[in-house]
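Data first, discussion second: the structure below is written as structure tokens.
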Amino acid sequence: MSLVYDSLARWSVAWSPTQVPALGLHAGSPTMRTSQKDFNDAVSQVKLLKEDPGNEVKLKLYALYKQATEGPCNVPKPGMLDFINKTKWDAWNALGSLSKEAARQKYVDLVSSLSTSSKSPSPETPAADRKPPEGNSLVVTSEDGITTIRLNRPTKKNALTTQMYHDIIAALQAASKDESTITVLTGSGDYYCSGNDLTNFTHLSAGGLEEMARSGEVLLRDFVDCLIDFPKPLVAVVNGPAVGISVTILGLFDVVYATDRATFHTPFSHLGQSPEGCSSYTFPKIMGSSKAAEMLLFGKKLTAQEACARGLVTEVFPDGTFQKEVWARLKAYSKLPPNALRISKQIIRKQEKEKLHAVNAEESSVLRERWLSDECMNAIASFLSRKAKL
Ligand SMILES: CCCCC/C=C/CC(=O)SCCNC(=O)CCNC(=O)[C@H](O)C(C)(C)COP(=O)(O)OP(=O)(O)OC[C@H]1O[C@@H](n2cnc3c(N)ncnc32)[C@H](O)[C@@H]1OP(=O)(O)O
């Protein structure tokens, strides 16, 4: 998985000296004094948790452990690009002058609550209350002349992992050669897509951040090139809110159908990033330069109706009938002569293919620089430590 997640998981092992567990004694008794033994027991108990408690909790545990054992944060703040250590430092530093004893108590209480909540669900737990497995993040089907590429990470709002970019490229390449007439991109669950998975930035190889940014640039460029060159009608079925790159690439689709629940958000400045997906060219062309600037510079979030009025969306449907109406329409269109559709699409795209490729190359290169900036690092660290949401 991602470096931050892995690293945070490693921290929990790294900080846990070997002592004996004896938890539950302090749950609901915050005023009771915590002995060193209780604290040591809680530290050991962390290693026995059956479920990963998630980054936010691991950060809290880390900070409380440091405060309980070393007192207030007393080490220099790591540099901006030392992203993981900076997040840990921030969490510890945020505890200010909390006493060692209070930190021990909070640590014990937190571990106790975790050990209670991580007990296995009873057999009666209804299936609907359980999170669906994160199995196939991309599901590709072909039926009635339509190849559908479905983003399928509903618990992560269909955020795009590095693997998913590769898989979408492969799916598009296959769809360009299959028997289908139309290709559709859509999402599972309540979101269309929450954009780039922000944990992608934490996959560091031996080449470090520079290498991560370089390989990101190449992948982004390949991904968008593939959309520019896609030879058949490409339709976005926007089943819910769309964020970031899932919005910008819409300018490269032939038709965009949206539920009235959808929103369109490109918060690049908030994230210290810059536009991609050829949106620096397609958006001003589609909606005019000042409307495009409002979205791409200031991150104005559009409703589906607004996006339709600006020409980014072809048509908006009531959420209740969205799937039925859209698929009925697409099935009818898929019966049109495939060669005529292909040739017409290509002649329309041909006029500016070269321009789009040049824009894509430049946007990808600019983004590589942005990914290495303090502004971007801070924004991502903030999201990962759950201080920020859109
Ligand atoms: C090859 C590289 C190409 C790179 C191209 C660059 C593209 C630029 C972009 O796409 S910029 C846009 C990036 N996206 C975001 O900034 C969105 C971040 N997410 C949010 O702000 C919110 O999650 C939300 C507004 C989308 C939804 O909020 P809500 O409260 O409804 O839900 P949760 O926040 O609880 O989210 C549920 C779980 O999903 C995880 N998640 C959502 N979006 C992302 C994401 N983009 N990256 C990683 N993870 C995401 C979220 O962390 C929750 O996970 P958890 O249950 O494990 O906590």
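Remember, it's 1-based here, ligands and their atoms both numbered in the order they're listed. Only heavy atoms go into these numbers, but all of them, side chains included; no hydrogens, no water, no symmetry mates.
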Between Q273 and S269 (side chain of the first, backbone of the second, donor and acceptor by atom type, cut-off under 3.5 Å), is there such a pair? no
Return yes if some donor-acceptor pair links the side-chain N/O of D260 with the main-chain N/O of A304 below 3.5 Å, else return no. no
Who passes side-chain contact (heavy atoms from CB on, under 4.5 Å) against T303, sequence neighbours left out? Q305, E306
Taking only non-hydrogen atoms of S194 and a 4.0 Å limit, the atoms of ligand 1 in range are 13 (C), 14 (N), 15 (C), 17 (C), 26 (C), 42 (C), 43 (N), 44 (C), 45 (C), 46 (N)
Is the backbone N or O of L252 less than 3.5 Å from a side-chain atom of R349, with the two atoms forming a donor-acceptor pair by type? yes
E211/R214 ion pair, N-O < 4.0 Å: yes
Between K156 and ligand 1, is there a nitrogen or oxygen pair with a distance under 3.5 Å? yes
Ligand-side contact atoms (ligand 1) for residue partner G195, heavy atom cut-off under 4.0 Å: 10 (O)
Near G244 (heavy-atom distance under 4.0 Å), the atoms of ligand 1 are 9 (C), 10 (O), 11 (S), 12 (C)
If I take atom CD1 from residue I182 and atom CG from residue D254, how far apart are they, to the nearest 0.5 angstrom? 9.5 Å
Which residue is it: S334, P338, S142, P233? I am looking for the one with a side-chain contact (heavy atoms from CB on, under 4.5 Å) to S180. S142
With a cutoff of 4.0 Å, is F223 in contact with ligand 1, counting heavy atoms of the residue only? no
I'd like to check which ligand 1 atoms, numbered from 1 as shown, lie under 4.0 Å from a non-hydrogen atom of Y191. 24 (C), 25 (C), 26 (C), 27 (C)
For ligand 1, is there an N or O atom under 3.5 Å from any N or O atom of Y165? no
Side-chain hydrophobic cluster, 4.5 Å single linkage: members besides F298: L297
Does ligand 1 have any atom sitting under 4.0 Å from a heavy atom of N200? no
Near G216 (heavy-atom distance under 4.0 Å), the atoms of ligand 1 are 1 (C)
Within 4.0 Å of some non-hydrogen atom of A159, the atoms of ligand 1 are 44 (C), 45 (C), 46 (N), 47 (N)
Are P267 and ligand 1 in contact, using a heavy-atom cut-off of under 4.0 Å? no
With respect to V243, determine whether any N or O atom, backbone or side chain, lies less than 3.5 Å from an N or O atom of ligand 1. no
With clusters defined by side-chain heavy atoms of hydrophobic residues (ILVMFWY) lying less than 4.5 Å apart, directly or transitively, does Y192 cluster with Y257? no
Judged on heavy-atom distance to atom 20 (C) of ligand 1, which of F268, F201, F383 sits nearest? F383
Numbered in order shown, the ligand 1 atoms found under 4.0 Å of a heavy atom of I245 are 5 (C), 7 (C), 9 (C), 10 (O)
Using a 4.0 Å heavy-atom cut-off, say whether L271 meets ligand 1 through its side chain, its backbone, both or neither. side chain
At less than 4.0 angstrom from any non-hydrogen atom of W371, what atoms of ligand 1 do you find? 4 (C)
Exercise: do N152 and N158 side chains pair donor with acceptor under 3.5 Å: no
